[in-house]
Amino acid sequence: MNILIFSGSLRTDSYNKKLAQVAESILQGKHQTTYADLKDFKFPVYDGDIEAAGIPQGVKDFGKLVSDADALVISSPEYNGAMAGSLKNAIDWISRLRPIPLEGKPVLLMGASPGAFGAIRALTNSRIPFDTLTAYVYPTTFALPKAADAFASKTMLADENTHKKLISLLDGFSHFAQKFIKEK
Ligand SMILES: Cc1cc2nc3c(=O)[nH]c(=O)nc-3n(C[C@H](O)[C@H](O)[C@H](O)COP(=O)(O)O)c2cc1C
């Protein structure tokens, strides 16, 4: 299975990029993985005038990565109690491609925050655009609170039980996603 992993945060030292990379290291070896940095695709803010002049190449390139993936693992911040605009903007742009890259795609949502709740509110409301585009969001999500102290290394979370919980979640998600491949 080819799993695309990315963060909704553009920030270089993003906790969500770190969580996405820990998830990638867990999935590597069991699956083919592709890590993408949204910043590389330089999406403008969605504007119908830009679209009318031609969908930006970065949108097409990122849309192809999503189309080529069997499943997506996304870690995204919470801004003011909701999903990050950078992730919503990326979703809005690729929803303009045909066929829609997110259609029928299994998605695991994760979030990291330096606060006590680990982006939990964003995890709830970021399901909405995925549901609208008929992606299949895994029912269980992963919230990583106190992110400033949550990483032991590039491949390990500091708390052993939380790391084991992430391994088990990724395992469950992989089984879930596999069913959609068989049904293709
Ligand atoms: C505009 C803005 C709003 C924020 N709102 C929240 C929030 O509602 N909940 C939360 O847990 N953290 C909030 N934060 C803090 C972010 O979780 C923090 O900046 C985090 O590091 C962003 O993710 P990143 O490290 O992946 O870039 C906010 C940060 C910004 C800049």
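Along the sequence shown, residues carry numbers from 1.
- For the atom pair K165 NZ and D159 CG, the distance stands at 9.5 Å (nearest 0.5 Å).
- In this structure, CG in L27 is found 10.0 Å from CD1 in I167, a value given to the nearest 0.5 Å.
- Among pairs with a residue in residues 38-62, those fulfilling side-chain hydrogen bond (donor to acceptor under 3.5 Å, both in side chains) read Y46-E51, E51-R96, Q57-D61, at least two apart in sequence or across chains.
- Proximity of a side-chain donor or acceptor of R121 to a complementary backbone N or O of G118 within less than 3.5 Å is not detected.
- Checked by atom type and distance alone, the side chain of K17 pairs as donor or acceptor with a backbone atom of L10 at under 3.5 Å.
- The one candidate from F43, W93, F41 that meets the side chain to side chain contact (heavy atoms under 4.5 Å, CB included) condition with P56 is W93.
- The two residues A36 and F62 make their nearest non-hydrogen contact at CB-CE1, 4.5 Å.
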**Study point:** Worked check of side-chain contact (heavy atoms from CB on, under 4.5 Å) between V22 and K18
**Key:** CA-CA 6 Å; V22 171; K18 289 185 174 131; 5.6 Å; no
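- Going from atom OG of S7 over to atom OH of Y15 covers 13.0 Å, rounded to the nearest 0.5 Å.
- Taking each heavy atom of S67 and P101 in turn, the nearest pair found is OG-CB, 3.4 Å.
- Both Y138 and L19 belong to a common hydrophobic cluster when Ile, Leu, Val, Met, Phe, Trp and Tyr are linked at side-chain heavy-atom distances under 4.5 angstrom.
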Review point. Are D37 and F6 close enough, and set up right, to give a side-chain contact (heavy atoms from CB on, under 4.5 Å), and what steps lead you there?
Key: CA-CA 6 Å; D37 188 334; F6 63 95; over 6 Å; no
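- Across all non-hydrogen atoms, the minimal contact from F173 to V107 is CE1-C, 3.5 Å.
- For the atom pair CG of L72 and CG of N2, the computed distance is 9.5 Å after rounding to the nearest 0.5 Å.
- The shortest non-hydrogen separation linking M110 to L166 is SD-CD1, 3.9 Å.
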Practice item. List the steps and the verdict of side-chain contact (heavy atoms from CB on, under 4.5 Å) for I94 and V59. Key: CA-CA 6 Å; I94 63 170; V59 173; 4.2 Å; yes
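- Summarising the geometry of A116 relative to P145, their closest heavy-atom pair is O-CB, 3.3 Å, with the distance given to 0.1 Å.
- In this structure the side chain of S25 never reaches within 4.5 angstrom of the side chain of K154, judged on heavy atoms.
- Under the 4.5 Å side-chain heavy-atom criterion for Ile, Leu, Val, Met, Phe, Trp and Tyr, I91 and L4 are members of the same hydrophobic cluster.
- No option in T141, I26, L108 other than L108 meets the side chain to side chain contact (heavy atoms under 4.5 Å, CB included) test with L169.
- Criterion: ILVMFWY side-chain heavy atoms under 4.5 Å apart, direct or through other members. Under it, I74 and M1 are not part of a common hydrophobic cluster.
- Judged by distance alone, the side chain of D70 and the main-chain N or O of Q178 form no donor-acceptor pair under 3.5 Å.
- At least one side-chain heavy atom of P129 sits less than 4.5 Å from a side-chain heavy atom of M83.
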Exercise for review: Output, in order, the C-alpha distance, side-chain angles, deciding distance and verdict of side-chain contact (heavy atoms from CB on, under 4.5 Å) for K105 and F180.
Suggested key: CA-CA 8 Å; K105 204 67 72 177; F180 294 98; over 6 Å; no
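- How far OG1 of T140 is from CG of L123: 11.5 Å, rounded to the nearest 0.5 Å.
- L109 and F176 are assigned to two separate hydrophobic clusters, defined by single-linkage of ILVMFWY side chains at heavy-atom distances under 4.5 Å.
- L97 and I100 fall within a single hydrophobic cluster, where Ile, Leu, Val, Met, Phe, Trp and Tyr are joined by side-chain heavy atoms under 4.5 Å apart, directly or via other members.
- With rounding to the nearest 0.5 Å, the separation of CG in L65 from OH in Y35 is 12.5 Å.
- Test T33, L170, V73 against E24 for side chain to side chain contact (heavy atoms under 4.5 Å, CB included) and you get one pass: T33.
- Proximity of F151 to L144: side-chain heavy atoms (C-beta onward) are separated by under 4.5 Å at one or more points.
- Of all heavy-atom pairs between S75 and N16, the closest is OG-OD1, 2.8 Å.
- With S86 contributing its side chain and G8 its backbone, the two residues share a donor-acceptor pair below 3.5 Å.
- Side chains of S174 and H31 form a contact here, defined as non-hydrogen atoms less than 4.5 Å apart.
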